[in-house]
Every structure is written in structure tokens, then in C-alpha cells.
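Structure first, commentary second.
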Amino acid sequence: MRPRVGALATAGLALLLTGSLSACAEDRFEAYCERVEEHRVALTEAVAAGGSDALLGVLPRLQELRDEAPRDIADEWQQVVGRLEALERALEDAGVDPASYDREAPPEDLDDQQRAAIDGAARELVRPTTVAALQAVETQVRDVCGTPLYQ
């Protein structure tokens, strides 16, 4: 009779733990999806405005989403946000305003090294790996949260 009680207790504990872990996972997705919902309008406006400078304007929101993202999509979020952070750094290091930067007519005081850093960061942002990462993020948000990242 004693082994049955032990087996039942073990099964009950396993169910409790599984339920707790599922609740934690659901909570993790819930917080992530709440962040998506909070930032969706700003992201939609940034995408509609176009250009990397628009995305730099919502970089703090994208960083929040990266930080809340479930593990299965964390690398993709890091790829996207990391490329934007690199572009932002290159522009800041050069003392260039992202909204007014024109690659064809750069500021006169921009040296070749600064221009190369900006160009390199911009190229990384549109590389197939970054584009694929963004597509994966968009798909995952739609699948997990039932809403687009932006409209």
C-alpha cells in the first residue's frame, strides 16, 4: 500500500510542477505580448515613416521587446536590435543626426573612418541575416501574441 501512495504523491508533484512551469511560461508570453501591444502603435508609425532613422526613434521600445522576448526568439531579437544599436553608435560617434544624414552629401567634417563605420552599420542592418531575423520576429509575434508587431 505504501508504494502506491509514493507513486501517487510523485505523480501529483509532477503535475503541480508542470502546471507551475506552464503558468510561468504563460506569464512570460503574457508579459511579452503586453509589451508588443503597448509598442505596436509606435512601431507602426516608425515603419510607415520609413528609414533606419525612424527605427532608431523606437529603439528603446525594440530593446524592451528584446528583453521580454521568449528564449526561442531571443537570438533573432538580438540580431535586429544589435544592428540598430550599431548604427546608432556609428552615427553618435560621428556626431551625425540620423534624421538629417545623407550618404550622398555627408557633413563636411565627417572623416573617411566615420563614414565607413556608418556605411558598414547600415549595410549590416539590411543584410539577409538581419532581414530574416526580423521576419522570424514578426512571425513569432503573430503566432504567440495573435497580433502583428506593426500594421
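Residue pairs satisfying the disulfide (SG to SG under 2.5 Å) criterion with at least one member in residues 73-144, sequence neighbours excluded, are absent. Listed by first and then second residue, the disulfide (SG to SG under 2.5 Å) pairs that reach into residues 119-151 are Cys33-Cys145, sequence neighbours excluded. Pairs engaging residues 57-133 under the disulfide (SG to SG under 2.5 Å) rule: none recorded [sequence neighbours left out]. Residue pairs satisfying the salt bridge (charged side-chain N to carboxylate O under 4.0 Å, His left out) criterion with at least one member in residues 79-97, sequence neighbours excluded, are listed as follows: Arg66-Glu85. The salt bridge (charged side-chain N to carboxylate O under 4.0 Å, His left out) contacts involving residues 100-109 comprise Arg103-Asp119, where partners must be two or more places apart or lie in separate chains. Residue pairs meeting the salt bridge (charged side-chain N to carboxylate O under 4.0 Å, His left out) criterion with at least one member in residues 137-151: none, sequence neighbours excluded.
By the side chain to side chain donor-acceptor pair (under 3.5 Å) test, Glu45 is found to be paired with no residue, residues two or more places apart in sequence or in another chain being considered. For Gln114, the side-chain contact (heavy atoms from CB on, under 4.5 Å) partners at least two apart in sequence or on another chain are Ala94, Leu110, Asp111. Looking at residues two or more places apart in sequence or on another chain, you find no side-chain contact (heavy atoms from CB on, under 4.5 Å) involving Asp112. Residues forming a side-chain contact (heavy atoms from CB on, under 4.5 Å) with Arg61 (at least two apart in sequence, or on another chain): His39, Ala42, Val58. With sequence neighbours excluded, no residue satisfies side chain to side chain donor-acceptor pair (under 3.5 Å) with Gln135.
Note that OH of Tyr32 is 11.5 Å distant from CG of Asp67, once rounded to the nearest 0.5 Å. We find the CD-CD distance between Glu68 and Glu30 to be 11.0 Å, quoted to the nearest 0.5 Å. Rounding to the nearest 0.5 Å gives a distance of 5.0 Å between CD of Gln140 and CD1 of Ile73. Separation of atoms CG (Leu43) and CG (Leu149) is listed at 5.0 Å; rounding is to 0.5 Å.
Taking each heavy atom of Val141 and Pro148 in turn, the nearest pair found is CG1-C, 4.1 Å. Taking each heavy atom of Gly57 and Pro60 in turn, the nearest pair found is O-CD, 4.1 Å.
The shortest distance between side-chain heavy atoms of Trp77 and Leu65 falls below 4.5 Å. With a 4.5 Å cut-off on side-chain heavy atoms, Val144 and Val36 do not count as touching.
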Return a table of donor-acceptor pairs under 3.5 angstrom between the side chains of residues 121-131 and protein atoms on other chains or two or more places apart.
residue: Glu124; atom: OE2; partner: Arg127; partner atom: NH1; Å: 3.4
residue: Thr130; atom: OG1; partner: Gln79; partner atom: NE2; Å: 2.8
residue: Thr130; atom: OG1; partner: Glu124; partner atom: O; Å: 2.9

Worked verdict on Asp53 versus Tyr101 for side chain to side chain contact (heavy atoms under 4.5 Å, CB included):
CA-CA 9 Å; Asp53 64 314; Tyr101 180 72; over 6 Å; no
